[in-house]
Trainee: 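Sharing a structure, written as structure tokens. Questions coming.
Residue numbers begin at 1 in each chain, while the letters A, B, ... track the order of the sequences. These numbers come from a predicted model, not from an experiment.
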Amino acid sequence: MSAVLAEAAVARVERRPGALGQFTRNRVAVFGAVLFGVIAVIALLAPVLPLANPDHTDLANRMAPPFSRHALLGTDQLGRDMLSRVVWGTRVSLVVGVVAAFLAATIGSTIGILAAYYGRFVDIALMRGIDMLMAFPYLLLALAIVAALGPSLTHAMIAIVIVNVPFFARSVRGVTVGMRRADFMAAARLSGQSSAQIIAFELFPNVLPVVVVTASTSIGWMILETAGLSFLGLGAQPPMADLGGMLGDGRNLLEVAPHVATIPGIAILLIAVGVNLLGDGVRDILDPRLKSGGLARIRPATEVASRADRMARLPQTGRAEGALLELRGLETRFRIGRSVWQAVNQVDMVVHPGEAIGIVGESGSGKTVTALSILGLVASPPGRIEGGEILFNGEDLLGLQTPRLRAIRGDRIAYVFQDPLTTLNPVQPVGAQVVEALRAHQRLGRKQAWDKAVALLDSVGIPEPGEKAHAYPHEMSGGQRQRIGIAMALANQPDLIVADEPTTALDVTTQARVLKLLADLRRQNAAAMIFISHDFGVVSELCDRIYVMYGGRVVESGRVQDVLNRPAHPYTARLLACVPRIGQGRHRVVPIPGLPPPTNALPNGCAFAPRCSLAIAACRSGEIELGTVGPEHSARCLRSALVLAEGVEGAGAADGGVA
Amino acid sequence: MGSYLIKRLLLLPPVLLGVTVIVFLVMALIPGDPAMAILGTYATPDNLAKVRMELGLNHPLPIRYLFWLDALLHGNLGWSYILHKPVLDEVMSHLGPTMLLAGASLVLCAIVGIPLGIIAAVRQNAWEDKLITVTVLVGVSTPSFWLGMLLILWFAVRLQWMPDGGMHDLFGDGGILDLLTHLALPAITLAAVPAAVLVRLTRTAMLEVMRQDYVRTARAKGVRESRVILRHVFGNALISVIPILGIEAGYVLGGAVYVETVFQWPGIGQMLVNAISTRDILLVQGGVLVVATAYIVINLLTDIAQALLDRRIQTA
């Protein structure tokens, strides 16, 4: 939910550049547009250009090579001027392409809209017909149609239109079906509009982008296909100047006059390149999936700023003694478009060997990004670690060379992720995935590794592990899948397990069992653990110490009992007040008003101030430091004394209003 | 797998039936008297009457379809009045070369297109990606019949490395080497466009899978990057690449018409073009029907391959 609102916020903050602006920034598309424009202008001006008559034969000057006098591009087998014929032929190709695309788009989208709008029998009848057309290799179908109708340019175009209709019908039907249930459709129906009105004024404008995308990406094909039919002698008939037909003539003259075949081919190639580039540019703008560079390659490790840049604001002293893992001043940012999201901001954390710490916060508070930053698993782009250091046994994990980083990943530090369905490879048996974890770090033969994997499955409580190792993730229950995740994490007896909401995706009865398993196995392996959750109850059972995060920052930290019993930050207090407690019938569950701020638009001062009933003017400006409020207990709050004095109920539930 | 296979096979008869309907309807488009169209200039009143009888032209369209379908089911695709032999025999004698050419092109397209798509995705926005993107753009914009001519011009006419056309029998004098030298240029020509399309779609599929959580899991395990890319990213991208190969098969079977014409490859494409120019309508009909059936079978095979790769499809 917060993510949705955050996105809305982005849209409000930065004005998206208009479609034209987007297009002009795409240099390749502009090149295509210019190329296409030049070709189109030349073709349009053909009648007024100083060109020879394309049909004038001059047998005395047959097959003159290019750059001859009177014939810049030479002449063909009948002595006709090639330049003139190419220009006139281009005209034919463009007209045919545009008309064919328009007809195919009109017929196809009509079928698509009707099928989707009326559904049921209409849908079945129309779309089965479309399926039948698509069961053919479509060039062959075009050939059959021309064979029946007889060769001519019009018939070739009809054939091309027919074989292209299914593409439009399918894509338009797809989007229209999605729209039928949309709110604006219901509103239109309730306002008493007729079907024809709804289709024309509500559906059609919304479907148009899809039609344009399909048309712009298929018009190039249609030009090539029509030229192909002419090449076979089934399209344009002599003496009409047509690029495909010219190629057909040139085929027999390859050895004596190669230019007769090469020149019209280059013309077709240029037209197609222009049209295709232009089409791709149009698609990039209109296809929502491609907006904001949604298809960027993810790097093997998160991009990290140089050590000098990262350490600029960090004191050189003050490293914790004997820590297994220490985060110092960690800053991870996401750059999306022109906005910068401070997902993790100046985070300090310490994990001692064998210790379990919990990170608690709402979604979007930065807990997962903090955890993923440790081993450079934050997706880059758009993520980048821009500040701080992450010390593991004294070694900075940030900026490690890939082989060294890989040696630690899964071996000394292992992850258990949130949703075991999406985090396991769907096309690999689970046993093989455990084997992979083992063999990434241990020298094991196939058989040995497999046996060990089966033993691991047994140790995480998978019944009949030898059988189950061959199963695929989708064949297992959620609880079993997460047991696989735990088995993979434990495969190399890591020193630290990072568990990111490992039970959130599971049902309640399974949760308890998986948690107990994780806790038991962690203790047996004497591993430290970072446990991420939004559930205070679970954290209090599993963890020694706790960090509470809000708006990308740690707002409170301390021993579990201290933080739970005497929260010093109003946010912690209110989070605790949200936890329903069994057996305390009169306890009121008080939700926190408002939502966490999007981290690209954090307020000055305390990020929680806008939702805090205790906030004062000083809370809304400047930098608020993490202050010590007790032994090993600190909070980032100016009012922590008040919160500590009045207790959870006093500060948290005193009034529901927001100051 | 068994139940999936049965379900998938049950879909086959309706699709095949649909294809026969469309082929039949297309031939019903023929303007004027079909018997006249079939016999053309060789028409004698006797023959015309005979063909009209055979086609059942005195019956309404649906009845004619049933007659035709009945003959079809008995392996009778009609008689070629131009070649004076059964259509089925003629089509079958050209099917082998076309399948050989199409198969070789498809293999070539896969072994060139898939690796280039992987490289383009892994090196997104680097020079490799840009070079591949430009090549692909030229590839999809090049008419295959023109590319074929250019290849003949260079490799056969100028350099004389390759023959400029024709096909020699596998069991003839030249043996397999001779066959391959004749196959090389047509197969490259026919593979160019589908390979370019395959590069694009493989690249997109790879980039989509790269964002998946299980890829992050593999990295978190410390798996080597090359293995992450090939095993996890490509292993899953392949699920969406295989159906593309099915579609490419359709392109290759259709595009074979041009390539066979340019290289005088004795396949169904060349047969069809000749049949169209001699107005041998029944031969066109038979050829289209047989190739469409082959395409449907290929699509069945790609569906099965996809289901073998992604077990979730089988249980769905």
Side-chain angles (χ1 to χ4, degrees), chain A residues 128 131-133 135-140 143-145 147-149 220 224 227-228 231-234 247 250-251 254-255 258 261-262 265 268-269 272-273 276-277 295-298 300 375 377 379 402 406-407 409-411 415 417 419 422-428 436-437 440-441 472 474 488, chain B residues 15 18-19 21-23 26-27 29-30 121-122 124 137-138 140-143 145-146 149 152-153 157 204 207-208 210-214 216-217 219-225 232 235-236 239 250-251 253-255 257-258 261-262 272-273 276-277 281 284 288 291-292 295-296 309-312:
Chain A
R128 282 303 84 80
D131 287 348
M132 294 304 147
L133 282 180
F136 281 89
Y138 65 78
L139 281 174
L140 214 63
L143 209 65
I145 294 170
L149 293 175
L224 290 184
F231 166 78
L232 295 173
L234 303 174
L247 276 171
R251 185 165 79 84
L254 270 186
E255 302 192 20
T262 25
I268 297 184
L269 177 67
V273 166
N276 285 336
L277 283 179
L295 272 187
R297 171 185 69 104
I298 306 293
L375 282 185
L377 293 170
T402 317
R406 216 185 56 230
R409 283 178 172 180
D411 188 49
Y415 280 78
F417 292 106
D419 183 350
T422 62
T423 53
L424 290 176
N425 187 338
V427 301
Q428 216 181 4
E436 196 175 38
H441 302 288
Y472 287 84
H474 72 275
M488 288 197 306
Chain B
V15 176
V19 164
V21 170
I22 287 178
V23 170
V26 165
M27 292 305 146
L29 285 175
I30 300 170
V122 173
Q124 191 195 25
L137 174 72
V138 174
V140 293
S141 307
T142 308
F145 39 97
W146 183 59
M149 284 190 253
I152 290 178
L153 198 58
V157 178
T204 310
L207 289 172
E208 270 170 7
M210 248 181 242
R211 318 193 70 81
Q212 299 298 316
D213 287 348
Y214 52 78
R216 188 184 60 196
T217 306
R219 293 205 169 111
K221 286 195 290 191
V223 174
R224 211 171 271 283
E225 186 62 16
H232 294 274
N236 281 279
I239 297 169
Y251 176 86
L253 287 172
V257 175
Y258 303 132
T261 304
V262 173
L272 283 175
V273 173
I276 291 171
S277 64
I281 302 296
V284 175
V288 170
V291 178
Y295 178 47
I296 289 167
L309 202 69
D310 185 357
R311 305 299 177 93
R312 288 169 297 180

Trainee: So which of V122(B), V21(B), V23(B), V15(B) has the largest heavy-atom pair count under 4.5 angstrom toward chain A?
Mentor: V122(B)
Trainee: Answer with side chain, backbone, both or neither: which region of F136(A) has an atom nearer than 4.5 Å to a non-hydrogen atom of chain B?
Mentor: both
Trainee: Can you tell me which portion of L234(A) sits under 4.5 Å from chain B's heavy atoms? Options are side chain, backbone, both or neither.
Mentor: side chain
Trainee: Using a cut-off of under 4.5 Å on heavy-atom pairs, state which of M210(B), M27(B), Q212(B) scores highest against chain A.
Mentor: M210(B)
Trainee: State whether the side chain of R409(A) and the backbone N or O of L375(A) hold a donor-acceptor pair below 3.5 Å, judged by distance alone.
Mentor: yes
Trainee: Taking side chain as everything from C-beta outward and backbone as N, CA, C, O, which of these in V26(B) sits under 4.5 Å from a heavy atom of chain A? Side chain, backbone, both or neither.
Mentor: both
Trainee: For each of Q428(A), M488(A), R406(A), tally heavy-atom pairs with chain B at distances under 4.5 Å, and name the one with the top tally.
Mentor: R406(A)
Trainee: Looking at A440(A), A379(A), G228(A), which makes the most heavy-atom pairs under 4.5 Å with chain B?
Mentor: G228(A)
Trainee: Does L140(A) reach the side chain of Y295(B), with side-chain heavy atoms less than 4.5 Å apart?
Mentor: no
Trainee: Can you tell me how far apart CG (L254(A)) and CE (M149(B)) are? Round to the nearest 0.5 Å.
Mentor: 6.5 Å
Trainee: Which atoms of L424(A) come close to chain B, meaning under 4.5 Å heavy atom to heavy atom: side chain ones, backbone ones, both, or neither?
Mentor: backbone
Trainee: Which residue out of V140(B), V19(B), I239(B), T142(B) racks up the most heavy-atom pairs below 4.5 Å with chain A?
Mentor: V19(B)
Trainee: Can you give me the closest heavy-atom contact between L207(B) and Q124(B), atom names plus distance?
Mentor: CD1-NE2, 3.6 Å
Trainee: Verify side-chain contact (heavy atoms from CB on, under 4.5 Å) between Y214(B) and N236(B), making sure each step is shown before the conclusion.
Mentor: CA-CA 10 Å; Y214(B) 52 78; N236(B) 281 279; 3.1 Å; yes
Trainee: Against chain B, work out which of D419(A), I268(A), L277(A), L224(A) has the most heavy-atom pairs shorter than 4.5 Å and name it.
Mentor: L224(A)
Trainee: Name the region of A135(A), side chain, backbone, both or neither, that has any atom closer than 4.5 Å to a heavy atom of chain B.
Mentor: both
Trainee: Do D213(B) and F417(A) have side chains that approach each other closer than 4.5 Å (heavy atoms only, starting at C-beta)?
Mentor: no
Trainee: Name the option with the most non-hydrogen atom pairs under 4.5 Å to chain B; the candidates are P258(A), P300(A), A144(A).
Mentor: P300(A)
Trainee: Relative to the ring of F231(A), is the ring of F145(B) parallel (under 30°), tilted (30 to 60°) or perpendicular (over 60°)?
Mentor: parallel
Trainee: Out of curiosity, I145(A) CD1 to Y138(A) OH, how far, rounded to the nearest 0.5 Å?
Mentor: 13.5 Å
Trainee: What part of V288(B) lies closer than 4.5 angstrom to a heavy atom of chain A: side chain, backbone, both or neither?
Mentor: both
Trainee: With only heavy atoms counted, which part of L272(B) is less than 4.5 Å from chain A, the side chain, the backbone, both or neither?
Mentor: side chain
Trainee: Taking every non-hydrogen pair under 4.5 Å, which of A437(A), G410(A), P137(A), A407(A) racks up the most with chain B?
Mentor: P137(A)
Trainee: Does T217(B) offer a backbone N or O that forms a donor-acceptor pair with the side chain of T423(A) under 3.5 Å?
Mentor: no
Trainee: Please determine, among V284(B), V223(B), V262(B), the option with the most heavy-atom pairs under 4.5 Å with chain A.
Mentor: V223(B)
Trainee: Is chain A contacted by the side chain of I276(B), its backbone, both, or neither, given a heavy-atom distance below 4.5 Å?
Mentor: side chain
Trainee: Could you walk me through whether W146(B) and L269(A) pass the side-chain contact (heavy atoms from CB on, under 4.5 Å) check?
Mentor: CA-CA 9 Å; W146(B) 183 59; L269(A) 177 67; 4.1 Å; yes
Trainee: What residue in G222(B), G254(B), G250(B) has the most heavy-atom pairs under 4.5 Å with chain A?
Mentor: G222(B)
Trainee: Less than 4.5 Å apart, side chain to side chain, heavy atoms only: is that true for L143(A) and V257(B)?
Mentor: yes
Trainee: Need one label for A220(B): side chain, backbone, both or neither, based on atoms under 4.5 Å from any heavy atom in chain A.
Mentor: both
Trainee: Counting heavy-atom pairs closer than 4.5 Å to chain A, which one of P143(B), S141(B), A292(B) comes out on top?
Mentor: S141(B)
Trainee: Let's test your reading of the structure: which of T402(A), D411(A), T262(A) forms the most heavy-atom pairs below 4.5 Å with chain B?
Mentor: T262(A)
Trainee: Is there a donor-acceptor pair under 3.5 Å between the side chain of H232(B) and the backbone N or O of R216(B)?
Mentor: no
Trainee: Please report the shortest heavy-atom distance between V427(A) and G235(B), naming the atom on each side.
Mentor: CG2-O, 4.0 Å
